[in-house]
Amino acid sequence: MASGGRAATMRAVQYSGYGGGSAALKYVQVPIPSLKKDEVLVKVKAASINQGDMWIQKGFFRPFLPKFPFIPGTDVAGEIVEVGSAVREFKPGDNVVSKLNFWKAGGLAEYVAVSEGNTVACPAGVSAADAAGLPMAGLTALQGVKTIGTKFDGRDTGADILITAASSGVGTFAVQLAKLGNHHVTATSGARNLELVRSLGADEVLDYKTPEGAALTNSSGKKYDYVINIAKDNRWPVLKTTLSSHGRVVDIAPNLGNIVASFTTLFARRKLSLLNQSLGKEDLRFLLELMEEGKLRTVVDSRHPFEKAAEAWEKVFSCHAIGKVIVDM
């Protein structure tokens with residue numbers, strides 16, 4: 001038996017090579033991780049799956065990452081059951097949210113060891129499922145909205161912005177955060193999600209399959225000060241036509257052409273820049289405070305028991321999930 005009367009092993013989901021999608025996932029018993037002095041051991045209540053998990057399995061970081069066999073999942077919420085000798089902020093029994101290092105991961109398991117520096121207390125009014133859906137998608141959305149100058153200090157004057165793929169995990173958070181920053185938001189989504197995106201606060205929602213949606217043009221014909229692009233198929237030549245004279249695209253899901261454009265437009269009036277997600281613990285705490293205050297919510301596409309984690313994986317890989325896909329432990 002492990003310390004505290006726990007069993008020495010735990011259930012986990014892992015894969016042992018690149019590719020294979022959900023069919024490559026295996027349900028296994030593995031040792032409960034041991035702690036370093038600055039880590040906490042979290043009994044996972046809920047985890048979310050991200051698009052990034054798909055790219056790791058597909059071999060985006062081949063041959064460097066991951067180390068096989070690999071337990072995926074970077075976003076978890078749960079209860080601390082043990083703390084390392086150097087941990088000062090937390091104690092056993094605390095409910096927390098953690099953003100795991102993507103090269104180490106470990107979220108799709110009953111327990112995970114995670115650095116104190118990547119862990120934030122979960123407010124009592126925020127459920128484990130809602131909290132687990134927040135770290136990767138919420139922090140990416142927050143950085144996108146901060147990159148266009150939003151301060152969230154009550155003095156934001158707002159701008160005319162476009163958010164594409166607004167019903168995605170990142171998109172649902174981005175719309176809400178942009179409205180908290182007093183921006184006028186035009187958003188794109190599929191026809192079945194138009195009302196959902198409106199309910200998140202978007203001022204106008206375009207069906208991306210219509211001529212207007214494909215051209216990214218709003219009903220007034222007004223140009224955008226900023227575009228937060230989350231749709232990988234949007235190309236710089238089209239995005240450029242939607243911008244005001246000094247407009248800017250912040251690209252969260254760049255294709256090759258847009259990566260090139262990020263260099264060629266570096267000194268142009270209208271430019272495209274890539275987003276590197278670098279926000280941390282204080283930013284995650286800020287998002288959880290917004291949730292606790294009822295100003296931000298996780299849109300949950302579906303919830304799956306651990307035994308059906310492969311179904312959750314397949315849902316994310318379909319690229320048709322609305323908001324976040326959650327695995328309940």
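These figures come from a predicted structure and were not determined experimentally.
- Heavy-atom minimum distance, Lys295 versus Gln176: O-OE1, 4.3 Å.
- Results of the side chain to side chain donor-acceptor pair (under 3.5 Å) test with Asn229 over Thr164, Asn255, Thr188 single out Thr164 as the only residue that passes.
- Across all their heavy atoms, Leu275 and Thr140 have their closest contact at CD2-O, 3.6 Å.
- One distance of note links CZ of Arg297 with CG of Leu134; it measures 13.5 Å at 0.5 Å rounding.
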Salt bridge (Lys or Arg N to Asp or Glu O under 4.0 Å) between Asp160 and Lys223, worked out: CA-CA 8 Å; Asp160 287 302; Lys223 301 292 186 179; over 6 Å; no
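- Counting all heavy atoms, side chain and backbone alike, Pro237 lies closest to Thr241 at O-CG2, 3.3 Å.
- Shown here is Phe263, whose CZ atom has no more than 12 heavy atoms of other residues, nucleotides or ligands within 6.0 Å.
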side-chain contact (heavy atoms from CB on, under 4.5 Å) evaluation trace for Lys99 with Leu139: CA-CA 10 Å; Lys99 178 177 175 289; Leu139 288 172; 3.6 Å; yes
Evaluation steps, side chain to side chain donor-acceptor pair (under 3.5 Å), between Asn258 and Asp251: CA-CA 8 Å; Asn258 289 4; Asp251 204 332; 2.8 Å; yes
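- A side-chain donor from one of Ser167 and Asn193 sits under 3.5 Å from a side-chain acceptor of the other.
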Trace of the side chain to side chain donor-acceptor pair (under 3.5 Å) decision for Ser273 with Ser262: CA-CA 5 Å; Ser273 58; Ser262 71; over 6 Å; no
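- Scanning both residues, Ala46 and Ala132, for their nearest heavy atoms gives O-CB, 3.5 Å.
- Of the possible polar contacts, one joining the Asn218 side chain to the Gly221 backbone as a donor-acceptor pair under 3.5 Å is found.
- No hydrogens or angles considered: a donor-acceptor pair under 3.5 Å links the side chains of His304 and Ser302.
- Within 6.0 Å of NZ on Lys179 lie more than 12 heavy atoms contributed by other residues, nucleotides or ligands.
- Note on ring orientation: taking the six-membered ring where Trp is involved, the planes of Tyr27 and Phe306 are perpendicular (angle over 60°, cut-offs 30° and 60°).
- With contacts defined as side-chain heavy-atom distances shorter than 4.5 Å, the pair Arg248/Arg270 does not qualify.
- When side chains are defined from C-beta on, Glu79 does not count as touching Asp94, because their heavy atoms never get closer than 4.5 Å.
- Within the 4.5 Å cutoff, the side chain of Ile252 has heavy atoms near those of the Val170 side chain.
- To the nearest 0.5 Å, atoms CD1 (Ile230) and CZ (Phe173) are separated by 11.5 Å.
- The heavy-atom pair separating Ala187 from Val175 by the smallest distance is CB-CG2, 4.5 Å.
- Within the 3.5 Å criterion, the main-chain N or O of Met136 finds a donor-acceptor partner in the side chain of Asp75.
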Stepwise salt bridge (Lys or Arg N to Asp or Glu O under 4.0 Å) test for Lys308 and Glu314: CA-CA 10 Å; Lys308 296 185 177 180; Glu314 187 65 33; over 6 Å; no
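- Between Leu290 and Phe286 there is a side-chain heavy-atom pair separated by less than 4.5 Å.
- Between Lys146 and Asp283, at least one side-chain N (NZ, or NE/NH1/NH2) sits under 4.0 Å from a carboxylate O, which counts as a salt bridge.
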Asp153/Arg155 under salt bridge (Lys or Arg N to Asp or Glu O under 4.0 Å): CA gap, chis, key distance, verdict: CA-CA 5 Å; Asp153 59 359; Arg155 293 179 290 180; 3.4 Å; yes
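- Taking a 6.0 Å sphere around CZ of Phe70, one finds it holds more than 12 heavy atoms contributed by other residues, nucleotides or ligands.
- Put simply, the side chain of Val227 reaches to within 4.5 Å of the side chain of Thr242, judged on heavy atoms.
- Linking Ile, Leu, Val, Met, Phe, Trp and Tyr whenever their side-chain heavy atoms come within less than 4.5 Å leaves Tyr208 and Trp236 in two separate clusters.
- Side-chain atoms of Leu162 and Leu216, non-hydrogen and from C-beta on, do get closer than 4.5 Å to each other.
- Within 6.0 Å of CZ on Arg285 lie more than 12 heavy atoms contributed by other residues, nucleotides or ligands.
- At least one donor-acceptor pair closer than 3.5 Å links the side chain of Glu204 to the backbone N or O of Ser219.
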Side chain to side chain donor-acceptor pair (under 3.5 Å) evaluation trace for Glu39 with Ser115: CA-CA 4 Å; Glu39 290 182 331; Ser115 166; over 6 Å; no
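- The line from CH2 of Trp313 to OH of Tyr15 is 5.0 Å long, rounded to the nearest 0.5 Å.
- Val42 places none of its side-chain heavy atoms less than 4.5 Å from the side chain of Val81.
- Between the side chain of Thr265 and the backbone N or O of Ala268, no donor-acceptor pair lies under 3.5 Å.
- Considering only heavy atoms from C-beta on, Val185 comes within 4.5 Å of Ile163 through its side chain.
- A donor and an acceptor atom, one from each side chain of Glu212 and Thr217, are nowhere located under 3.5 Å apart.
- Of all the heavy atoms in Ala47 and Leu108, the pair that sits closest is CB-CD2, 4.1 Å.
- Here the side chain of Asp53 pairs a donor or acceptor atom with the backbone of Asn50 at under 3.5 angstrom.
- Salt-bridge formation is detected for the pair Glu307/Arg11: a Lys NZ or Arg NE/NH1/NH2 atom is positioned less than 4.0 Å from an Asp or Glu carboxylate oxygen.
- Atom NZ of Lys240 is surrounded by 12 or fewer heavy atoms from other residues, nucleotides or ligands within 6.0 Å.
- No hydrogens or angles considered: a donor-acceptor pair under 3.5 Å links the side chains of Lys45 and Asn95.
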